[in-house]
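One structure below.
The basis for the numbers below is simple: all heavy atoms, side chains too, and nothing from hydrogens, waters or symmetry mates.
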Number of protein chains: 2
Amino acid sequence: MSVELSVAAPRDCGECQIRHRAVCSRCDEDELTQLDQIKYYRSFQAGQTVLWSGDQMDFVGSVVTGIATLTQTMEDGRTQMVGLLLPSDFVGRPGRGEAPYDVVATTDLVMCCFRKKPFENMMLRTPHVAQRLLEMTLDELDAAREWMLVLGRKTAREKIASLLAIIARRDATLKLASLDAKVVFDLPLTREAMSDYLGLTLETVSRQISALKKDGVIVLEGKRHVTVPSMERLLEEAGDDSDGGMVS
Amino acid sequence: MSVELSVAAPRDCGECQIRHRAVCSRCDEDELTQLDQIKYYRSFQAGQTVLWSGDQMDFVGSVVTGIATLTQTMEDGRTQMVGLLLPSDFVGRPGRGEAPYDVVATTDLVMCCFRKKPFENMMLRTPHVAQRLLEMTLDELDAAREWMLVLGRKTAREKIASLLAIIARRDATLKLASLDAKVVFDLPLTREAMSDYLGLTLETVSRQISALKKDGVIVLEGKRHVTVPSMERLLEEAGDDSDGGMVS
DNA sequence: AGCGCCTCTTGATCTGGGTCAAAGAATTCA
DNA sequence: TGAATTCTTTGACCCAGATCAAGAGGCGCT
């Protein structure tokens with residue numbers, strides 16, 4: 001429950017309004033002003049827990065910079081990541097009180113938050129915000145279900161390839177890079193976090209990454225810097241049918 | 001794409017309006033009349049595919065009687081069930097054109113449908129319908145994420161116990177039975193369907209069910225009729241923390 | 001520089017669940 | 001009534017990935 005609340009908002013709002021896919025894209029001036037009034041920033045350090053499962057959740061918001069994960073844990077410690085929040089992703093459940101899972105910052109993290117009550121009120125008044133929220137939730141649901149296929153039916157190698165593909169695609173989209181060019185990015189997750197995402201052990205993750213490297217599917221510099229020479233090849237390894245758009 | 005459309009609506013609407021958690025509960029007379037005008041029934045036989053992945057989906061609706069599954073399939077035939085639709089569950093994505101997965105009737109099935117366009121229009125006019133939809137989608141998302149934990153981290157035995165618990169709880173809720181009493185129900189799924197839900201093979205499903213039976217966690221009469229003497233025990237076997245509410 | 005602390009890699013071995021195979025219910029059809 | 005079909009169970013064996021164990025960088029600290 002160690003939540004550093006930095007009400008100081010050094011960033012210009014324009015930035016986050018453009019970045020978070022959430023509520024801004026179709027708001028008029030008036031509505032943006034309303035949003036501004038209930039908006040604040042929160043910063044977290046890498047490793048910090050934003051929210052524990054069961055906590056009251058009095059805000060909604062979106063990631064500005066950094067990465068957070070949603071995880072569920074069994075009493076005996078087995079944990080499964082159920083969501084990955086990259087910049088521009090939305091967190092929060094309007095109408096819900098309790099967080100259903102832990103939210104953890106895996107890197108230093110800045111979030112743009114809105115207090116929940118006022119946000120909900122605004123939602124009632126501006127239908128297109130509710131629409132947007134529904135759309136986003138449906139996206140998340142699709143992604144979760146895509147991920148169920150990965151967890152339930154894919155081999156370790158396919159799982160790793162799938163995860164790399166998601167990150168690569170997501171990264172490429174943010175950079176507006178062409179999709180057939182080679183993709184370069186830094187892995188935002190530790191091997192352990194990847195294993196939690198994929199329902200594997202970290203040893204298996206490591207081995208499979210080594211294998212993909214040996215087979216030329218990816219090029220690794222250091223432990224985190226990845227180059228994907230051919231997205232097509234990667235997707236093939238992932239067992240994906242040509243495209244398919246799984247995002248967190 | 002074999003969709004039997006039975007516009008004949010033998011059922012009184014009251015029934016489905018009460019039953020589907022969807023749009024009706026808070027509608028006034030006027031809105032109900034509007035809904036009536038765009039409502040129709042569809043019947044399917046067991047095994048029939050309601051919708052193929054990629055199909056245009058021109059309706060939304062909810063299950064009146066019977067059971068349907070949402071499944072995703074890889075090119076090589078591996079399939080994963082990603083959702084289970086029991087009576088009163090909602091299907092459809094307002095604002096989306098294509099179905100992202102196959103919808104299959106596993107028993108004879110009756111659905112109460114609304115044509116999508118008019119439904120969406122109505123949604124724009126009546127905010128509480130959109131709210132309700134958002135709530136439902138968030139429920140589904142929670143259920144999907146709960147299921148990711150099952151798929152990623154639970155053993156075969158725990159998976160089976162989890163599935164039985166879901167069905168039992170769901171059934172008990174529908175019947176308004178007390179939660180500590182023993183629960184009796186018929187399995188609505190074949191062993192194969194269960195294996196698709198759980199990311200297992202049907203042989204493993206069979207073996208684990210036998211094991212749970214031998215250990216007295218469940219009592220089986222025939223292949224489908226199940227008695228759960230103690231929900232507590234079953235949940236324990238599922239690795240669940242006391243309660244926890246995963247519903248499709 | 002030297003030490004402790006992470007994160008990651010790699011090897012050796014074990015095992016839960018997959019695969020292959022066969023045969024027992026239950027149901028439908030003729 | 002028996003034959004065909006579908007669903008289910010059970011057995012024997014195997015392998016992908018888990019587990020256990022030992023190092024190998026890398027980085028901040030004193």
Side-chain angles (χ1 to χ4, degrees), chain A residues 45-47 67 74 76-80 106-108 150-164 186-215 218-226 237 239, chain B residues 45-48 67 74 76-80 104 106-108 150-164 186-215 218-226 237 239:
Chain A
Q45 290 168 9
I67 289 175
M74 296 171 67
D76 62 5
R78 284 178 279 175
T79 79
Q80 175 66 50
T106 56
T107 64
D108 288 347
V150 174
L151 287 172
R153 292 303 185 192
K154 291 196 178 179
T155 65
R157 172 183 263 245
E158 289 170 332
K159 284 180 176 181
I160 296 288
S162 298
L163 178 54
L164 292 174
D186 284 309
L187 277 175
L189 301 175
T190 66
R191 301 290 187 265
E192 190 184 23
M194 289 191 241
S195 74
D196 282 342
Y197 209 145
L198 298 167
L200 298 170
T201 59
L202 85 178
E203 293 96 326
T204 299
V205 170
S206 180
R207 274 187 251 272
Q208 295 301 333
I209 289 181
S210 298
L212 288 175
K213 179 181 168 187
K214 186 163 71 62
D215 298 346
I218 57 173
V219 179
L220 258 189
E221 285 158 288
K223 287 149 195 311
R224 298 292 194 90
H225 193 73
V226 179
E237 290 286 350
Chain B
Q45 289 168 9
Q48 232 183 334
I67 290 176
M74 297 172 67
D76 61 6
R78 282 178 280 176
T79 79
Q80 175 66 50
V104 182
T106 56
T107 64
D108 288 348
V150 174
L151 287 172
R153 292 301 184 193
K154 290 195 178 179
T155 65
R157 172 185 264 245
E158 289 170 332
K159 285 180 176 182
I160 297 289
S162 298
L163 178 54
L164 292 175
D186 284 309
L187 277 176
L189 301 174
T190 66
R191 301 292 187 262
E192 189 183 24
M194 289 191 240
S195 74
D196 282 342
Y197 209 147
L198 298 167
L200 298 169
T201 59
L202 85 176
E203 292 95 327
T204 298
V205 170
S206 180
R207 273 186 252 273
Q208 295 301 334
I209 288 182
S210 298
L212 288 176
K213 178 182 169 188
K214 185 163 70 64
D215 297 347
I218 57 173
V219 179
L220 259 188
E221 285 159 287
K223 286 147 197 312
R224 298 292 193 89
H225 192 75
V226 179
E237 290 287 349

- Take atom CG of Leu220(A) and atom P of dT10(C), then tell me their distance rounded to the nearest Å. 10 Å
- Item | Partner residues of Asp215(A) under the salt bridge (Lys or Arg N to Asp or Glu O under 4.0 Å) criterion, sequence neighbours left out | Arg157(A)
- Query: Which residues in residues 199-207 of chain A have at least one heavy atom lying under 4.0 Å from any atom of DNA chain C?
  - Reply: Glu203(A), Ser206(A), Arg207(A)
- Item | Selection residues 201-210 of chain B - residue pairs positive for salt bridge (charged side-chain N to carboxylate O under 4.0 Å, His left out), sequence neighbours left out | none
- Message: Please check this pair: side chain of Ser210(B) against backbone of Ser206(B), looking for a donor-acceptor N/O pair closer than 3.5 Å.
- Response: yes
- Query: Looking at Leu164(A), Leu189(A), Leu200(A), which one forms a side chain to side chain contact (heavy atoms under 4.5 Å, CB included) with Met194(A)?
  - Reply: Leu189(A)
- Message: With heavy atoms of chain B within less than 4.0 Å as the criterion, where does contact along DNA chain D begin and end?
- Response: dT8(D) to dA12(D)
- Contact summary for Leu202(A) and Ser195(A), nearest pair of heavy atoms: N-CB, 3.6 Å
- Note on the structure: What one should report as the nearest heavy-atom pair of Val205(B) and Arg191(B) is CG1-CD, 3.9 Å
Provide a list of protein-nucleic acid N or O atom pairs under 3.5 angstrom, restricted to nucleotides 22-26 of chain C.
none

- Say whether, by atom type as modelled, one donor and one acceptor occur between the side chain of Asp196(B) and the main chain of Gln80(B) under 3.5 angstrom. no
- Message: Need the bend value for the helix from dA1(C)-dT30(D) to dA30(C)-dT1(D): angle between end axes, 5 pairs each end, nearest 10°.
- Response: 30°
- Query: How close or far is atom P of dT9(C) from atom CD of Gln208(A), stated in whole angstroms?
  - Reply: 12 Å
- Task: Please report the closest heavy-atom contact between Met74(B) and Lys154(A), naming both atoms and the distance.
- Result: CE-CE, 3.9 Å
- Message: Restricting to non-hydrogen atoms, name the atom on Tyr197(B) and the atom on Leu163(B) that form the minimum distance, rounded to 0.1 Å.
- Response: CD1-CD1, 4.0 Å
- Message: Go through it in stages, so that I can follow the logic: the residues are Leu220(B) and Val226(B), the test is side chain to side chain contact (heavy atoms under 4.5 Å, CB included), and I'd like the CA-CA distance, side-chain angles, deciding distance and then a yes or no.
- Response: CA-CA 5 Å; Leu220(B) 259 188; Val226(B) 179; 3.8 Å; yes
- Task: Let me know the distance between CZ of Arg78(A) and C1' of dG16(C), rounded to the nearest Å.
- Result: 13 Å
- Task: Using modelled atom types only, decide if a donor and an acceptor are shared between the side chain of Asp108(A) and the backbone of Gln45(A) within a distance under 3.5 Å.
- Result: no
- Query: Which is true for Arg224(B) with a 4.0 Å heavy-atom rule: it touches a base, it touches only sugar-phosphate, or it touches nothing?
  - Reply: sugar-phosphate
- Item | Where Ile67(A) and Thr107(A) come nearest, the two heavy atoms and their spacing | N-OG1, 2.9 Å
- Between the side chain of Arg153(A) and the main-chain N/O of Arg78(B), is any donor-acceptor distance below 3.5 Å? no
- Between dG16(C) (P) and Arg157(B) (CZ): distance, integer Å: 12 Å
